**Student:** 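Below are the structure tokens for one structure; questions will follow.
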Amino acid sequence: MTLPGSAEVVVIGGGVVGVSTAFHLAEAGVQVLLLERDELGSGSTCKAAGGVRAQFSDPVNIELGQRSLRAFEDFARRPGGEIDLKQHGYLFLLSDPADVAAFEDGVRLQNEFGVPSRMLTVAEACELSPYAVPDGLLAAAFSPTDGHCTPEAVVQGYAQAARRHGAVIRRHCAVTGIDVSGGQITAVRTEQGPVATSTVVCAAGAWSASVGEFAGVELPVRPLRRQILVTEPVPDLPPRLPFTIDFATSFYFHDEGPGLLIGMSDPDEEYGFDLRTDDRWLDRLSAAVARRAPRLAEVGVAHGWAGLYEITPDHNALVGEADGPGRFLYATGFSGHGFLQGPAIGEVLRDLVLGRRPVVDVSALDVRRFATAEIRPEHNCV
């Protein structure tokens, strides 16, 4: 299909942040074009673990997570579509006294924003997540409205609704440059030709740094590979197993069909775009499984994959509008939280494009914080 010659707003990136932005803009009557160099969601979104939560330590992340949770709950009505949302909770297992204190502070803050999180005893935690063993645990944090859903379904739901509202979505159309004249954006260049526009939204995830360079905007985002496994069917799988995280090691699991989805960070992983899977991380994962959930050690692996986290120096997102050129907006660097914050971020970008006060104040996530050393480290990272 041919590209339109112009658009009011061009969104670069067809993951959850991009399609959510396109939907919210189109719903508001904006003429929007979304460009995706591959398939929708093929970057990081559809390789995510699908977790959705509001248990964060930073007030902005709590608000974005809480607002997005409400959107996921209402997804069947707006924008429409079944996303297999399972609100079985997020359970953080804590074995370090400093982490217990941090999560206690976090729960108090979350409660102020209406998040129903609470601290649990070790016995309560192991009852909720019966694969976990109590050895070495001190406490746990839990919120019953957290959970997980299907990233691909969320992307398609937003994309289809965006089209219904008049948005144009072009797949397999890579952006090759951004034209700027007199400090203002004039066009986006693609492999299929130029598109005249005055406003660009960069939602390119792990590839955002290069998109920023097209416009002379520095976005400190680096790609980091994460690997995930899905097990063979697990007998007697608990019907409401929470998304369980051994916080000290980052080993996590949740139900995935008849089996479990299992992941864990690899501290030896180097930044880069390598998406091949390998076995290097498995020894560390096996040790964590044997210590925290030994019953899972004998479960076979059905398949696995690798995806990219888009990491910033403080593991918090970059959301805002650049000083220059005019009307270059960005939402990237979510450091593993992009999928779960996608609904609210789409609303925020709609508001920023339209010059409204955003539904969530994201001024603290402006990229300029790194120039002034006002970093905001997020504690509850996985």
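Everything numeric here is computed off the predicted structure, so don't read it as measured data.
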**Student:** Measure the spacing between CD of Q156 and CD of E82 and express it to the nearest 0.5 Å.
**Tutor:** 14.5 Å

**Student:** Apply side-chain contact (heavy atoms from CB on, under 4.5 Å) to F243 and K86, showing your working.
**Tutor:** CA-CA 10 Å; F243 194 130; K86 295 182 178 179; over 6 Å; no

**Student:** Do V353 and V201 make a side-chain contact, defined as non-hydrogen atoms from C-beta onward lying under 4.5 Å apart?
**Tutor:** yes

**Student:** Are there more than 12 heavy atoms of other residues, nucleotides or ligands under 6.0 Å from atom CZ of R222?
**Tutor:** no

**Student:** With a 4.5 Å limit on heavy-atom distance, are the side chains of P79 and H165 in contact?
**Tutor:** no

**Student:** Would E36 and R170 count as a salt bridge (Lys or Arg N to Asp or Glu O under 4.0 Å) if you check the C-alpha gap in whole Å, the side-chain angles of each, and the deciding distance to 0.1 Å?
**Tutor:** CA-CA 6 Å; E36 164 56 46; R170 291 291 180 265; over 6 Å; no

**Student:** For F142, check ring-ring contact (aromatic ring centres under 6.0 Å, His included) against everything at least two apart and list the hits.
**Tutor:** none

**Student:** Can you check whether A153's main-chain N or O pairs, donor with acceptor, with T150's side chain at less than 3.5 Å?
**Tutor:** no

**Student:** Report the distance from atom CZ of R53 to atom OH of Y90, rounding to the nearest 0.5 Å.
**Tutor:** 5.5 Å

**Student:** Is it possible for you to say whether V230 and V289 belong to one hydrophobic cluster, with membership spreading through side-chain heavy-atom contacts below 4.5 Å?
**Tutor:** no

**Student:** Are V299 and M264 connected into the same hydrophobic cluster when the rule is that any two of I, L, V, M, F, W, Y join if their side-chain heavy atoms are below 4.5 Å apart?
**Tutor:** yes

**Student:** Do L329 and V200 pass the side-chain contact (heavy atoms from CB on, under 4.5 Å) test, and can you show the C-alpha distance, the side-chain angles, and the key distance before you say yes or no?
**Tutor:** CA-CA 6 Å; L329 296 94; V200 168; over 6 Å; no

**Student:** Which value, rounded to the nearest 0.5 Å, describes the distance between L69 atom CG and L64 atom CG?
**Tutor:** 11.0 Å

**Student:** What distance separates E298 CD from T231 OG1, expressed to the nearest 0.5 Å?
**Tutor:** 13.0 Å

**Student:** Can you name the salt bridge (charged side-chain N to carboxylate O under 4.0 Å, His left out) partners of R108, sequence neighbours left out?
**Tutor:** D105

**Student:** Return yes if some donor-acceptor pair links the side-chain N/O of T312 with the main-chain N/O of N316 below 3.5 Å, else return no.
**Tutor:** yes

**Student:** Tell me whether L91 is reachable from I262 by hopping between hydrophobic residues (I, L, V, M, F, W, Y) whose side-chain heavy atoms are closer than 4.5 Å.
**Tutor:** no

**Student:** According to ring-ring contact (aromatic ring centres under 6.0 Å, His included), who are the partners of Y330, at least two apart in sequence or on a separate chain?
**Tutor:** none

**Student:** Count the heavy atoms belonging to other residues, nucleotides or ligands that lie under 6.0 Å from CD of E218, then report whether that count exceeds 12.
**Tutor:** no

**Student:** State which residues pass side-chain hydrogen bond (donor to acceptor under 3.5 Å, both in side chains) with S57; sequence neighbours excluded, sorted by chain then number.
**Tutor:** E378

**Student:** Kindly indicate whether the side chain of L318, heavy atoms from C-beta on, has any atom under 4.5 Å from the side chain of P220.
**Tutor:** yes

**Student:** Can you check whether L241 reaches L128 side chain to side chain, under 4.5 Å on heavy atoms?
**Tutor:** no

**Student:** Donor-acceptor check, side chain of E124 to backbone of T121, threshold 3.5 angstrom: yes or no?
**Tutor:** yes

**Student:** Looking only at non-hydrogen atoms, find the nearest pair between G212 and F328 and report the distance.
**Tutor:** CA-CZ, 4.0 Å

**Student:** Looking only at heavy atoms, which two atoms of P151 and T45 are closest? And how far apart?
**Tutor:** CB-O, 3.3 Å

**Student:** F253 and V301: same hydrophobic cluster, using ILVMFWY side-chain contacts below 4.5 Å?
**Tutor:** yes

**Student:** Could you tell me whether the side chains of Q87 and D146 share a donor-acceptor contact shorter than 3.5 Å?
**Tutor:** no

**Student:** Before giving the answer on side-chain contact (heavy atoms from CB on, under 4.5 Å), spell out for L3 and L35 the whole-Å C-alpha distance, their side-chain angles and the decisive distance to 0.1 Å.
**Tutor:** CA-CA 10 Å; L3 275 178; L35 300 173; 3.8 Å; yes

**Student:** Will you find, in the side chains of H148 and D255, an N or O donor that is under 3.5 Å from an N or O acceptor?
**Tutor:** yes

**Student:** Just one of F339, F23, F72 clears the ring pair (Phe, Tyr, Trp, His ring centres under 6.0 Å) bar with Y158, so which one?
**Tutor:** F23

**Student:** Should Q110 and S117 be marked as a side-chain hydrogen bond (donor to acceptor under 3.5 Å, both in side chains) after you check the CA-CA gap, both sets of side-chain angles, and the distance that decides it?
**Tutor:** CA-CA 7 Å; Q110 293 152 22; S117 55; 2.6 Å; yes

**Student:** Is the closest side-chain heavy-atom distance between R350 and V30 below 4.5 Å?
**Tutor:** no

**Student:** My understanding is that only residues two or more places apart in sequence, or in another chain, count here; which of them pass salt bridge (charged side-chain N to carboxylate O under 4.0 Å, His left out) with D266?
**Tutor:** R280, R284

**Student:** Could you grab the distance from atom SG of C149 to atom CZ of F75, nearest 0.5 Å is fine?
**Tutor:** 8.0 Å

**Student:** May I ask you to decide whether R369 forms a salt bridge with D366, counting only side-chain N to carboxylate O separations under 4.0 Å?
**Tutor:** no

**Student:** Which pairs with one or both residues in residues 191-217 pass side chain to side chain donor-acceptor pair (under 3.5 Å), sequence neighbours excluded?
**Tutor:** S208-T332

**Student:** Using ring-ring contact (aromatic ring centres under 6.0 Å, His included) as the criterion, list what pairs up with H172, not counting sequence neighbours.
**Tutor:** none

**Student:** To which residues is V133 joined in a hydrophobic cluster, defined by side-chain heavy-atom contacts under 4.5 Å among Ile, Leu, Val, Met, Phe, Trp and Tyr, whether direct or through other members?
**Tutor:** none

**Student:** So R225 and E270, salt bridge (Lys or Arg N to Asp or Glu O under 4.0 Å) or not? Walk me through it.
**Tutor:** CA-CA 8 Å; R225 182 180 65 164; E270 297 180 357; over 6 Å; no

**Student:** What are the two closest heavy atoms between A306 and Q227, and how far apart are they?
**Tutor:** CB-CG, 4.1 Å

**Student:** Parallel, tilted or perpendicular for F247 and F92, by the 30°/60° rule?
**Tutor:** perpendicular

**Student:** Hey, mind stepping through I345 and F334 against side-chain contact (heavy atoms from CB on, under 4.5 Å) and telling me if it holds?
**Tutor:** CA-CA 11 Å; I345 289 295; F334 289 91; 3.7 Å; yes

**Student:** Name all residues meeting the salt bridge (charged side-chain N to carboxylate O under 4.0 Å, His left out) criterion together with R189; count only those two or more places apart in sequence or in a different chain, and write none if there are none.
**Tutor:** D179

**Student:** Does any N or O in the side chain of W305 come within less than 3.5 Å of the main-chain N or O of K47, such that one atom is a donor and the other an acceptor?
**Tutor:** yes

**Student:** According to a hydrophobic-cluster definition based on side-chain heavy atoms being under 4.5 Å apart (Ile, Leu, Val, Met, Phe, Trp, Tyr only), do V10 and L219 belong together?
**Tutor:** yes

**Student:** Give me the atom names and distance for the closest heavy-atom approach of C46 to L40.
**Tutor:** SG-O, 4.5 Å

**Student:** For D38, give me all partners under side-chain hydrogen bond (donor to acceptor under 3.5 Å, both in side chains), at least two apart in sequence or on another chain.
**Tutor:** none

**Student:** Would you list the pairs meeting side chain to side chain donor-acceptor pair (under 3.5 Å) in which at least one residue belongs to residues 125-139, sequence neighbours left out?
**Tutor:** S129-T244

**Student:** CG/L340 to OG/S68 distance, rounded to the nearest 0.5 angstrom?
**Tutor:** 7.0 Å

**Student:** For residues G15 and V155, report the shortest heavy-atom separation together with the two atoms involved.
**Tutor:** C-CG2, 4.4 Å

**Student:** For F214, which residues count as a ring-ring contact (aromatic ring centres under 6.0 Å, His included) partner, sequence neighbours excluded?
**Tutor:** none

**Student:** Scan side-chain atoms only and decide if T249 and D246 contain a donor-acceptor pair under the 3.5 Å cut-off.
**Tutor:** yes

